[in-house]
Amino acid sequence: MYILGMFGPGENPSAALLKNGKLIALIEEERINRIKTSPNDLPINAAKECMKIAKIDINSIDGIAWGWDCIKYEKYLGKENKKRKHDFNSLQNELNRNLYHPKRIERSLKIGFSDQLKTKMPKIYFMTHHLCHAASAFFCSGFKKANILTIDGSGEDLTTLLCEASNDKIKIIKKIKIPNSLGGYYATFTEFLGFKPYMNEGKMMGLAAYGKYSKNIQKKLDKFINYNRLTGSFKINNKLRYDGKHSYGVRFTDDFIKIFGKKRDKNISALTKPYPDIAFNVQYRLEEIVKLLAKNLYNKNKIRDFCLAGGVAMNCKMNGELGKEKYIKNIFIQPAASDNGVSLGAAQLLTLKKGKKVSFELSNVYYGQQYSNNEILHYLKESKLKFYKSKNIYKESAKLINNKKIICWFQDRMEFGARSLGNRSILASPLFKDMKDKINLDVKHRENWRPFCPSILDEDYKKYISSNIKSKFMTIALPVNEKIKKLIPSCVHVDGTVRCQIVDKKNNSRYYKLIKEFKKISGHGIIINTSFNIQGEPVVCNPRDALRTFGGTGLDALIIGDYIVRK
């Protein structure tokens, strides 16, 4: 039985393919169309690539699971527009009503798959967005039972879902609805600080580490988002977010400006006061609310394993603080916690509905396209660049990294999710003080204060990380051992944390061998790993993307399959 999960439009549309409950492929549309987050697109290209990996087409699909309940959403928007005839929200609601209309989705899929379709389209099942988030986390966690928090901007009329799960059942404990949204709260301040909302929240999270706690800013935040200090229940003051005049931004009103001051101009450094302090206090408030929500959930059932999904679960600093709580034993964050993972959850829910099991422990994220040496050779010849086939890519690459070179590493199946985890990566040594600035300015073309993440050999994890939490997917910020901090300056953030990835031989033997060779030379089983892209572009997908990015940046070498390209 093949179930195709899909989600779109909106940010991060994707497609996932399950065969008898087993994940076969998961691909984001942006990787193919090369538009960052691919807003307002449907993941038809991604779905075709997933089916291509499985060597099937749309005629073999037993059902399409859509990660948004378009029928429920249509009714919700209809009610909302009757309440709000001409205010700021009504225009956006009408746009969304057209984008998410179930007939539009059905018609678009029929056209999109018309080149394959022999009979009639598989039935489309519209699934509740937040339940898809919850499923994508719990059914991949390996836990027999767990508490689940799904937190994002919104999904239909919901923004937050608190659940309890066991075996193949997810029980809803609490719902939080629009307009009370932690994702919306964070997006508002992301825009206010001069970044792009629902895309650059990670920048604000990184900036927060440069700020400090302020009672004055916390009092101001009380006017925007108030919360119960016992349960974590929260309420947004919509007069500061949407209901009012918008002279300075989309997600905050003029009354908001009266309280928080002038929006940061892009020509002003984000490190200029008071912006880092605002970022710190916004982040702190988010952490406090989420910890209370989680604790309240634990108090109801005493379950100590937790799963997180939804865009807010990509906040690795928040995840790290949550992981410190005494009532939490294990924590699993879906590596595609944003809407790019919703297609997987939708497919899992429909598979369950059709009588198959779906639970498994997600051990890696390598479910995208793969290119053979012969295919890579074709692209290399086409590029007219000088290249050669290496006798040992691991030793040669390790030497390059140790000699202060920045390399790009293109191997095996592409990752899904926001992080490159060793198959579409830019790699460098963390031992040099200036390496962070060099990558930020010469390669990634981004702000020089932004941190980089390390990949660490499984057997060396405890040497570097001062926590019992195992971080496989760069989803949790964890403290670095004090004794080792000064030895790896280019991958430790200003707050003394890293968002790391454990690398083991079983799940990525090639990447493991490379880091092992680097350890032989340098004495350290750790390297900087950042996504193989430049700011504003998706992670590279195919060899042509890799060659173009390599040629247009300050990268020193491209290791692609068994071939090496040097500048």
Side-chain angles (χ1 to χ4, degrees), residues 22-26 53 140-142 330 332-333 335-336 360-373 376 389-402 407-417 419-431 452-465 467-476 478 480-481 484 488 491 498-532 539 557 559-564:
K22 181 183 177 183
L23 181 59
I24 302 297
L26 200 168
I53 288 169
C140 291
S141 68
N330 298 301
F332 175 81
I333 291 92
F360 58 90
E361 185 171 355
L362 188 72
S363 58
N364 67 70
V365 293
Y366 311 119
Y367 286 93
Q369 296 96 319
Q370 183 172 4
Y371 297 88
S372 67
N373 271 335
I376 290 168
K389 192 170 185 179
S390 173
K391 291 179 180 178
N392 191 322
I393 59 166
Y394 315 109
K395 283 186 179 181
E396 287 200 58
S397 299
K399 283 179 183 177
L400 286 166
I401 293 170
N402 192 58
I407 71 167
C408 30
W409 182 257
F410 184 106
Q411 304 293 332
D412 299 327
R413 294 186 71 177
M414 181 176 65
E415 305 93 330
F416 69 77
R419 315 291 177 223
S420 285
L421 296 171
N423 284 3
R424 302 288 187 276
S425 292
I426 291 171
L427 309 175
S429 171
L431 309 179
F452 287 107
C453 313
S455 296
I456 306 172
L457 292 176
D458 188 20
E459 61 266 32
D460 290 344
Y461 187 69
K462 281 290 180 184
K463 177 181 175 181
Y464 299 99
I465 305 301
S467 172
N468 291 322
I469 294 173
K470 294 278 187 166
S471 175
K472 288 184 177 180
F473 305 121
M474 292 186 177
T475 53
I476 309 175
L478 299 170
V480 176
N481 282 332
I484 212 89
I488 51 171
C491 68
V498 294
R499 185 181 66 205
C500 58
Q501 171 201 7
I502 295 172
V503 180
D504 60 60
K505 197 173 184 177
K506 181 182 176 183
N507 286 301
N508 196 328
S509 62
R510 286 197 158 211
Y511 195 35
Y512 178 87
K513 287 175 186 176
L514 167 60
I515 305 174
K516 195 82 171 174
E517 286 295 335
F518 180 71
K519 182 182 177 180
K520 287 178 185 176
I521 301 169
S522 68
H524 287 277
I526 179 172
I527 57 173
I528 290 174
N529 173 10
T530 187
S531 56
F532 191 176
V539 175
I559 290 77
I560 180 165
D562 288 330
Y563 297 97
I564 296 181

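For reference, positions follow the sequence shown, starting with 1. As the structure is a computational prediction, the values presented were derived from the model and not from experiment.
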Using side-chain heavy atoms (C-beta onward) and a distance below 4.5 Å, is Y461 in contact with D504? no
D412 side chain to Y366 side chain, donor-acceptor N/O pair below 3.5 angstrom: no
Rounded distance [0.5 Å steps], OH in Y511 versus CG in L427: 4.5 Å
Closer than 4.0 angstrom, basic N to acidic O: yes or no for R510 and D562? yes
Give, for atom CD1 of I393 and atom CD1 of I560, the distance between the pair rounded to the nearest 0.5 Å. 11.0 Å
Going by heavy atoms in the side chains, are I559 and Q411 under 4.5 Å from each other? yes
Can you find a side-chain donor-acceptor pair between Q501 and S455 that sits under 3.5 Å? yes
Closer than 4.0 angstrom, basic N to acidic O: yes or no for E459 and K505? no
Within a strict 4.5 Å, meaning less than it, do heavy atoms of the F360 and C140 side chains meet? yes
How about R419 and V365: do any of their side-chain heavy atoms sit closer than 4.5 Å? no
Let me confirm one number: the NZ-NZ distance from K395 to K513, rounded to the nearest 0.5 Å. 12.0 Å
Contact between C453 and N529 at the side-chain level, heavy atoms closer than 4.5 Å - yes or no? no
Do N507 and S363 meet the criterion of a side-chain donor-acceptor pair at a distance under 3.5 Å? yes
Quick one: closest heavy-atom pair of D460 and G525, and the distance? OD2-CA, 3.6 Å
Which residues satisfy the side-chain contact (heavy atoms from CB on, under 4.5 Å) test with Q369, sequence neighbours excluded? I27, I32, E49, Y371, M414, C541
Would a distance-only check, ignoring hydrogens and angles, find a side-chain to backbone donor-acceptor pair under 3.5 Å from R413 to Y367? yes
pair E415-S425: side-chain heavy atoms closer than 4.5 Å: yes
With side-chain contact (heavy atoms from CB on, under 4.5 Å) as the test, pick out the partner of I488 among N481, I526, I456. I526
Interatomic spacing from NZ in K391 to CD1 in I564 - rounded to 0.5 Å: 12.5 Å
Could you check whether any side-chain heavy atom of Y464 comes within less than 4.5 Å of a side-chain heavy atom of P454, counting everything from C-beta outward? no
Would a 4.5 Å heavy-atom cut-off, applied to side chains only, mark N508 and N423 as touching? yes
Closest approach of L23 to F416 (non-hydrogen atoms, all atoms of both residues): CD2-CE2, 4.3 Å
Between E396 and K399, is there a salt bridge with N-O shorter than 4.0 Å? no
Separation of C491 SG from L431 CG (nearest 0.5 Å): 8.5 Å
Approximate separation, where rounding is to 0.5 Å, of L421 CG and F473 CZ: 7.5 Å
